[in-house]
Amino acid sequence: MKTFTKYAAERYTGLTDEELSERVRELARERNAVILAHNYQVPEIQDVADYVGDSLGLSRQAAATDADVILFCGVHFMAETAAILSPTKTVLLPDLEAGCSLASTITADDVRRWRAEYPNAVVVSYVNTTAEVKALSDYCCTSGNAEAVINAIPEDKEILFCPDMFLGAYLEQKTGRKMHIWLGECHVHAGIDPADIGRMRVEHPDSDLLIHPECGCVTQCMYHVGMGDIPSDSTHILSTEGMIRHAKSTSRRTLVVATETGILHRLKKEVPDKEFIAATPGAVCQYMKRITLPKALWALENLEHKITVPPDVAAQARGAIDRMVAIS
Ligand code: 13P
Ligand code: SF4
């Protein structure tokens, strides 16, 4: 297997972003490739992509595309999901080191042990998990549909929810369902804490506050909304795509955004008449930022790195994903 080395990188030195983007687009046309990018990707990758979106939107695009190749500009579990949904396509991830600290908090063996402890429970796994973990789950969910998935599970069923504890706690509060929650977290979102939100509310009292449910501040923010300390009409817990939709429709001019800062590029581009402020400017995912224009070009030139999932694992994981899609 080839990898992107410093020798490969040297081939692209001296090229501007415009020139690299043009080559990426040209080669994508030749290869009949679609370029999918997550909302946290660097600006030049978002700009070269055919579609930019959240995990749910990217899964839908991957399932629906008639391209031969999917160049996936995101992290490994997302490319795996695309490979599960589009098994006949070539799915490329430009850098295999684009992982996810949250997905790494739970393994297939962990799920097997957990299931053995609660044999009658239903396992709901967030999309930020490996294909093996999805294969052992009854339902998958994303931040865009997690509430609907939990609400669709019969009341008398115990639920094992993994791997994000902040999203799990938020879902318990929203749905009133008690769940067993895996104690995993994303190091980027966990770092967006209540103190950041408190400061933002003082500095921007008339702003809308958009919070991703993986954030470390979610539980406290919900508590304060419940107590009336934070106005409920200006506090919104949303997936990244939900944030884009909300930014377009709100009448407020300033929005404080509590998630990975890559989304600010898309917000500013698509909603240029409003001001967006990162709640935590240091909330940057180094895994997402591993994907660069030279690596995207290299991936298309070499058709690397192909992401595949063993057929038995893919078939089982697909069941959990299909059950999610049927609900949302
Ligand atoms: P979204 O599905 O809201 O985009 O979030 C997924 C995520 O955490 C990617 O890092
Ligand atoms: Fe994973 Fe967090 Fe990065 Fe998203 S932001 S890919 S959850 S490490």
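Along the sequence shown, the residues carry numbers beginning at 1. Counting starts at 1 for both ligands and their atoms, following the listed order.
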Peer 1: Should the proximity of Asn128 to ligand 1, defined as any heavy atom under 4.0 Å, be assigned to the side chain, the backbone, both, or neither?
Peer 2: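 Only the side chain of Asn128 comes within reach of ligand 1.
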Peer 1: Which atoms of ligand 1 are found less than 4.0 Å from any heavy atom of Ser239?
Peer 2: 3 (O)
Peer 1: To the nearest 0.1 Å, how far is atom 6 (C) of ligand 1 from its closest protein heavy atom, and which atom is that?
Peer 2: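 Going atom by atom, the protein heavy atom closest to atom 6 (C) of ligand 1 ends up being Ser55 OG, 3.3 Å.
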Peer 1: Below 3.5 angstrom, do we get any N/O pair linking Thr240 and ligand 1?
Peer 2: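 It does: an N or O of Thr240 is found under 3.5 Å from an N or O of ligand 1.
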Peer 1: Could an N or O of ligand 1 be found under 3.5 Å from any N or O of Asp54, whether backbone or side chain?
Peer 2: no
Peer 1: Can you tell me if His204 and Thr254 form a side-chain donor-acceptor pair at under 3.5 Å?
Peer 2: no
Peer 1: Taking NZ, NE, NH1 and NH2 as the nitrogens, is one of them in Arg11 or Glu301 under 4.0 Å from a carboxylate oxygen of the other?
Peer 2: yes
Peer 1: Is Thr142 in polar range of ligand 1, meaning some N or O pair under 3.5 Å apart?
Peer 2: no
Peer 1: Which word best sums up how the rings of His187 and Tyr287 line up, parallel for under 30°, tilted for 30 to 60°, or perpendicular for over 60°?
Peer 2: perpendicular
Peer 1: Quick one: how many protein N/O/S atoms are under 2.8 Å away from atom 3 (Fe) of ligand 2?
Peer 2: 1
Peer 1: State whether the shortest distance between N or O atoms of Ser143 and N or O atoms of ligand 1 falls below 3.5 angstrom.
Peer 2: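 The answer is yes, given that Ser143 and ligand 1 share an N or O pair closer than 3.5 Å.
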Peer 1: Ignoring angles and geometry beyond distance, decide whether His212 reaches within less than 3.5 Å of ligand 1 through its nitrogen or oxygen atoms.
Peer 2: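 It does: an N or O of His212 is found under 3.5 Å from an N or O of ligand 1.
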Peer 1: My understanding is that we take every heavy atom of each candidate and find the minimum distance to atom 9 (C) of ligand 1. Doing that for Tyr287, Tyr40, Tyr126, which one comes out nearest?
Peer 2: Tyr40
Peer 1: Give the contacting part of Met243 toward ligand 1: side chain, backbone, both or neither, where contact means a heavy-atom distance below 4.0 Å.
Peer 2: neither
Peer 1: Can you report which non-hydrogen protein atom sits closest to atom 7 (S) of ligand 2, along with the distance?
Peer 2: Asn128 ND2, 3.1 Å
Peer 1: In terms of side-chain geometry, is the basic nitrogen of Lys248 or Asp273 positioned less than 4.0 Å from the acidic oxygen of its partner?
Peer 2: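 Salt bridge between Lys248 and Asp273, a charged N being under 4.0 Å from a carboxylate O: no.
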Peer 1: Please indicate whether any nitrogen or oxygen in Glu214 is less than 3.5 Å from any nitrogen or oxygen in ligand 1.
Peer 2: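 In this structure, Glu214 places an N or O atom under 3.5 Å from an N or O of ligand 1.
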